[in-house]
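Working notes for the structure below.
Just so it is clear, the values below take in all heavy atoms, side chains as well, and ignore hydrogens, waters and symmetry mates.
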Amino acid sequence: MKILVTGNKGDIGHHLVRFLEAKGHEVTGADMESDLRIFDNALRVTKDIDWVFNLAALNGSIEYTTNNRAELIHNNVMVNANMAEACYRNRVKRVLYTSSACVYPIFLQDTDDVHPLKESEAYPALPDTEYGWEKLFSEHIWKSFEAQRGIEVRISRFFNIYGEDMK
């Protein structure tokens with residue numbers, strides 16, 4: 001199996017690469033140097049790939065996502081739009097898109113009534129930041145490519161990511 005991991009140098013990405021390689025898969029990574037905002041780069045890295053784990057995204061602290069809203073939305077949407085089209089053109093069989101708990105409405109995030117969230121609770125949409133809106137929109141990009149172009153898509157919404165290599 002030939003697998004591409006975008007965001008392969010991030011905390012989750014580099015662990016995922018090691019895990020997949022240990023399982024015997026041929027793994028390629030694409031990170032910021034690949035600049036997936038440029039379509040030709042997305043097309044190049046998805047050539048001859050069976051599965052894509054699409055973890056690439058600009059993100060960071062609440063301060064970062066608040067102070068860099070336009071840059072974050074622009075860059076992340078460009079990456080996802082380009083990757084979806086490139087996966088379609090290169091006949092990638094399956095994609096995992098990593099979204100975020102930030103897609104959930106703010107009224108579910110600012111309460112002491114903690115309960116496990118369901119996918120259906122993302123609507124009515126009212127994320128607390130542009131990052132949440134971008135992640136929700138990018139989910140729709142991927143689901144549209146699944147519905148109309150036949151790419152098998154899985155979406156995972158991450159919560160509170162922190163790892164030993166993060167500072």
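- Remark: the backbone N or O of Ala70 is not paired with any side-chain donor or acceptor of His74 at under 3.5 angstrom.
- Applying the side-chain hydrogen bond (donor to acceptor under 3.5 Å, both in side chains) test to every pair with at least one member in residues 138-154, sequence neighbours left out, gives these pairs: Asn80-Ser138, Asn80-Trp142, Glu85-Arg149, Arg94-Glu152, Ser99-Glu139, Tyr123-His140, Glu134-Ser138, Glu139-Arg157, Lys143-Glu146, Glu152-Arg154.
- Here OG1 of Thr6 is found 8.0 Å from CG of Asp31. Values are rounded to the nearest 0.5 Å.
- Applying the salt bridge (Lys or Arg N to Asp or Glu O under 4.0 Å) criterion to Asp48, with sequence neighbours excluded, gives no partner residue.
- Between Met32 and Leu58, some side-chain heavy-atom pair lies under the 4.5 Å cut-off.
- Hydrophobic cluster membership of Leu43, counting Ile, Leu, Val, Met, Phe, Trp and Tyr whose side-chain heavy atoms lie under 4.5 Å apart directly or via other members: Phe39.
- Annotation for Val45 and Leu36: closest pair CG2-CD2, 3.8 Å, computed over non-hydrogen atoms.
- Judged as a side-chain hydrogen bond (donor to acceptor under 3.5 Å, both in side chains), the pairs with a partner in residues 32-47 (not counting sequence neighbours) are, in order, Lys9-Glu33, Asp35-Arg37, Arg37-Asn75, Thr46-Asn90.
- Looking only at side-chain heavy atoms (C-beta outward), Phe53 and Val17 stay at 4.5 Å or farther from each other.
- In this structure the side chain of Lys135 reaches within 4.5 angstrom of the side chain of Tyr97, judged on heavy atoms.
- Here the side chain of Asn8 pairs a donor or acceptor atom with the backbone of Ala30 at under 3.5 angstrom.
- If you take CZ on Phe158 and OG1 on Thr98, they are separated by 5.0 Å, rounding to the nearest 0.5 Å.
- Crowding of Glu121 atom CD: a count of heavy atoms from other residues, nucleotides or ligands under 6.0 Å exceeding 12.
- The closest donor-acceptor contact from the side chain of Asn54 to the backbone of Leu96 lies at 3.5 Å or more, if one exists at all.
- Taken together through direct or relayed side-chain contacts under 4.5 Å among Ile, Leu, Val, Met, Phe, Trp and Tyr, Phe107 and Val103 form part of one hydrophobic cluster.
- Clustering ILVMFWY residues whenever any of their side-chain heavy atoms sit less than 4.5 angstrom apart, transitively, puts Phe137 in a cluster other than the one holding Trp133.
- From Glu21, atom CD reaches atom CZ of Arg18 across 9.5 Å, with rounding to the nearest 0.5 Å.
- Heavy-atom neighbours of Ile38 CD1 from other residues, nucleotides or ligands within 6.0 Å: above the threshold of 12.
- Between His25 atom NE2 and Trp51 atom CH2 the span is 6.5 Å, to the nearest 0.5 Å.
- Annotation: side chain of Ile3 is not in contact with side chain of Ile49 (no heavy-atom distance under 4.5 Å).
- By the side chain to side chain contact (heavy atoms under 4.5 Å, CB included) test, Ile151 is found to be paired with Cys87, Tyr88, Val95, Phe145, Val153, residues two or more places apart in sequence or in another chain being considered.
- The line from CD1 of Ile141 to CG of Asn76 is 10.0 Å long, rounded to the nearest 0.5 Å.
- Among residue pairs with one or both ends in residues 61-70, none qualify as side-chain hydrogen bond (donor to acceptor under 3.5 Å, both in side chains); sequence neighbours excluded.
- In this structure, CD1 in Ile12 is found 10.5 Å from NE2 in His14, a value given to the nearest 0.5 Å.
- Of all heavy-atom pairs between Cys102 and Gln109, the closest is O-NE2, 3.8 Å.
- Salt bridge status for Lys93 with Asp50: present, with a side-chain N to carboxylate O gap under 4.0 Å.
- Annotation for Met1: atom CE counts as buried by contact number, over 12 foreign heavy atoms lying within 6.0 Å.
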